[in-house]
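Read through the structure below, which is laid out as structure tokens, and then see the notes.
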There are 4 protein chains.
Amino acid sequence: MPDKRERILAAAETLIAHCGFQGMSMQLVAKQANVATGTIYRYFADKETLLRCVHEERLLEVSATILHNVNTTEPSHAQFRQLWLNTLHYLQANPDSLCYRIQYEASPLFDREEERQMSDRYFKPVFEFFEHGRDAGLFRDMPAELLGFLALENLMLLSQKCTKGCIELDDYLYQQLLDASWNAILKR
Amino acid sequence: MPDKRERILAAAETLIAHCGFQGMSMQLVAKQANVATGTIYRYFADKETLLRCVHEERLLEVSATILHNVNTTEPSHAQFRQLWLNTLHYLQANPDSLCYRIQYEASPLFDREEERQMSDRYFKPVFEFFEHGRDAGLFRDMPAELLGFLALENLMLLSQKCTKGCIELDDYLYQQLLDASWNAILKR
Amino acid sequence: MPDKRERILAAAETLIAHCGFQGMSMQLVAKQANVATGTIYRYFADKETLLRCVHEERLLEVSATILHNVNTTEPSHAQFRQLWLNTLHYLQANPDSLCYRIQYEASPLFDREEERQMSDRYFKPVFEFFEHGRDAGLFRDMPAELLGFLALENLMLLSQKCTKGCIELDDYLYQQLLDASWNAILKR
Amino acid sequence: MPDKRERILAAAETLIAHCGFQGMSMQLVAKQANVATGTIYRYFADKETLLRCVHEERLLEVSATILHNVNTTEPSHAQFRQLWLNTLHYLQANPDSLCYRIQYEASPLFDREEERQMSDRYFKPVFEFFEHGRDAGLFRDMPAELLGFLALENLMLLSQKCTKGCIELDDYLYQQLLDASWNAILKR
DNA sequence: TATGAATGAGATTTCATTCAT
DNA sequence: AATGAATGAAATCTCATTCAT
């Protein structure tokens, strides 16, 4: 019954998003996932492993989502727009996932090497999009990671501010932000 | 001996940066600050209060630092450059402070209203800088908070990536990033 | 294994009797009951709840014991004698229980309303005994609670004095005390 | 400034009455008495000594109060009435004192030998009253302590019930209770 | 004599993990 | 495979006592 594994992952993510890293106990995860405490340990070696798995699972999901309908070999404003909107929509639809990721990446669980490998594995097409654009003289002369960061990753903090209610955005502002991101990476 | 309070705050910040929110225990803070456990409770009502105080203390410090040598009534590329570099240098010199802030803001301790009030109190000059520039037709037509976010706040995630060793930057790239930020907020 | 709950209750009662309310720690209760500290919290939400439960458990036990072989609808000297002796024997056989109750009732845990409800629930037959006697013109014209108090409850302090070794009693004195109690409540 | 000592004693008594033995900390006593924490230790060796002193101080006060206007060499109903009413009024006027005493006597601080000595010292006239009455054939053939207990000490639990609001008494009932006490100790 | 900041042992409570069923 | 009661180490917080001022 592999959906138990899924339920446990989702429960952990939600709990961290709402109660923070300290607020997540294995007992609470079990209750939220509707399984027994011991059951968690049949799917995950320990708490740390569970947290790492949530992270990886979500990276996989994000990468799949944001590349939807994007042709990464043809860098253009239209492709970029699709990429940017996919990212935004995912973040808005999954505030727990975002909240989790930010806490995870700032925590000591986060491991540079492992992260680089996962990035490479899951976000290769995204990086390729920026590489192609840079090599065609469209984007600034920077490593693809930096272009990706400038264009997409700052949406994370922005989304968090929206979710927490610090900023309110409307269609006009979204248009402006998309445009700002495009201008930031554009050569000249 | 009011420097005890300072030592406790610094110890808490460092520990959170290195061990995460969950890894920071009051015992460890006491040891790191070289005081007895009970002493912490003479200065801070409980753990939550301590964490909130670290947050406020650092906001105060950041705002003082990044406004150094900036005339906020004259928005110009030179002033912007100073602001951006101040921010960058502060973040690089105080990676713990950054790491702390990100975790704090993603945690359930974070309170929207309180945060807005503190932002208004401490970062008023920064917001004024962007307001003046916008009203003069220099910057995009956006709330000052958003301009500030686009220009400066994404430096937070970027710095974190550097600190964690995911990205390496040199002078040329810094120049590019400064330019990218400027282009992002510029009207036209 | 529901006898664990029983063991915890008994351990708490004994410890309070011997070490006082302040001397009873959850660690000691656990050791005395031969369970782990955490186990207590599976059965009782917190220390206060545990103390309240000890109280209720013992009220239940007392009421059952002192009504043994007493027909409460026939108030007479013989019935009274049985009631009085039952009470005395229970107190002598369970000095811990007594010591606990006195401390509990003098402590701030004690809640008037809750107590009145428990009294009504558990000691109804005792009160009826005194009511019937009063209505038949045998006992003084007083609320049943007061008659019960005069006749039985002062045995509590008396027993405590014996337990603590302040007073020594023999059969002759018991006879006298029983007689004194009877005279106290008798009309005329 | 010996009134500091008095203030500390009063503060300890009040706190125990209201917050229980566990609720009384030396810090709270200091605050309530309006002195510094360390000052308490100039007057009392430690917490236990302080608690014992409160006890003794109050015994002294009670004995002085209840013997007011009583001629202990002439046992009679009038003298008894005065004694009984003095006791009642003291208890009603000083519910904290009562509440303290009950908790103290049930606690492990209470020491049989010391208590007997203090009783003898402070309540000698009361015991003499009952001895004279017994030797004159007026009261039951019992040790004076027991007569005193039957006549007066059960007022303690009764008063506590009133203070806690479990029982309400009026003049008629007081008259009845006084009469009941008298009947209890009377020979025949 | 009086103060109150500081101490650190100890109290209550939580929670990751195990294991008999 | 799944359960959830039990564990006990560790976390937070309190408080009797000391001591420099």
Side-chain angles (χ1 to χ4, degrees), chain A residues 1-2 4-5 8 22-31 33-51, chain B residues 1-2 4-5 8 21-31 33-51, chain C residues 1-2 4-5 8 21-31 33-51, chain D residues 1-2 4-5 8 15 21-31 33-51:
Chain A
M1 205 191 289
K4 267 186 188 159
R5 204 187 111 98
I8 293 168
Q22 328 93 294
M24 188 213 87
S25 77
M26 297 301 259
Q27 268 92 347
L28 277 177
V29 171
K31 187 169 290 181
N34 224 30
V35 300
T37 335
T39 305
I40 299 178
Y41 289 83
R42 297 211 66 79
Y43 293 97
F44 305 95
D46 52 20
K47 193 180 184 184
E48 184 171 326
T49 304
L50 168 59
L51 293 174
Chain B
M1 204 194 285
K4 264 186 190 154
R5 206 187 111 99
I8 294 168
F21 256 68
Q22 80 269 47
M24 187 214 85
S25 80
M26 298 301 259
Q27 299 261 10
L28 279 177
V29 170
K31 187 168 289 180
N34 221 30
V35 298
T37 348
T39 304
I40 300 178
Y41 291 86
R42 289 200 60 76
Y43 294 96
F44 306 96
D46 52 20
K47 193 180 184 183
E48 182 171 329
T49 303
L50 170 59
L51 293 172
Chain C
M1 204 194 285
K4 266 189 187 148
R5 205 186 113 99
I8 293 168
F21 256 70
Q22 79 269 48
M24 187 214 86
S25 79
M26 299 299 260
Q27 299 260 10
L28 279 177
V29 170
K31 187 168 289 180
N34 222 31
V35 297
T37 350
T39 304
I40 300 178
Y41 291 85
R42 289 201 60 76
Y43 294 96
F44 306 95
D46 52 21
K47 194 180 185 183
E48 183 172 328
T49 303
L50 170 59
L51 292 173
Chain D
M1 206 192 285
K4 268 187 188 159
R5 203 186 113 97
I8 293 168
L15 280 169
F21 257 73
Q22 325 95 294
M24 189 213 87
S25 76
M26 298 300 260
Q27 269 92 345
L28 276 178
V29 171
K31 186 170 288 180
N34 225 29
V35 298
T37 334
T39 306
I40 299 178
Y41 289 84
R42 298 211 67 81
Y43 293 98
F44 305 95
D46 54 19
K47 193 180 184 183
E48 184 171 325
T49 304
L50 168 59
L51 293 174

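In the text below, chain A, chain B and the rest are named by the order of the sequence lines, each starting its count at 1.
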Using whole Å, what does the distance between atom [atom2] of nucleotide [N] and atom [atom1] of [X] come to?
X        : N       : atom1 : atom2 : value
Leu28(D) : dA16(F) : CG    : C1'   : 13 Å
Ile40(D) : dA16(F) : CD1   : P     : 9 Å
Phe44(B) : dT14(F) : CZ    : P     : 15 Å
Leu15(D) : dC15(F) : CG    : P     : 12 Å
Asn34(C) : dA6(F)  : CG    : P     : 13 Å
Arg42(A) : dA1(F)  : CZ    : P     : 4 Å
Lys31(A) : dA2(F)  : NZ    : C1'   : 18 Å
Asp46(A) : dT18(E) : CG    : C1'   : 13 Å

Pairwise N/O distances under 3.5 Å, protein to nucleotides 8-11 of chain E:
from	atom 1	to	atom 2	distance (Å)
dG8(E)	N7	Gly38(B)	N	3.4

Contacts of type side chain to side chain contact (heavy atoms under 4.5 Å, CB included), residue [X], not counting sequence neighbours:
X        : value
Asn34(A) : Arg7(A)
Tyr41(A) : Met26(A)
Gln22(A) : Phe21(B)
Leu15(D) : Cys19(D), Met24(D), Leu28(D), Val29(D), Gln32(D)

Atom [atom1] in [X], atom [atom2] in [Y]: separation rounded to 0.5 Å?
X        : Y        : atom1 : atom2 : value
Lys47(A) : Ser25(A) : NZ    : OG    : 7.0 Å
Leu51(C) : Glu48(C) : CG    : CD    : 7.5 Å
Leu50(D) : Tyr43(D) : CG    : OH    : 13.0 Å
Gln27(C) : Thr37(C) : CD    : OG1   : 5.0 Å

*Using a cut-off of less than 4.0 Å, is there contact between a side-chain N or O of Tyr43(A) and OP1 or OP2 of dA2(F)?*
yes
*Mind pulling the stems DNA chain F is in, i.e. runs of at least three Watson-Crick or G-U pairs, everything under 3.5 Å?*
E:2-21 with F:2-21
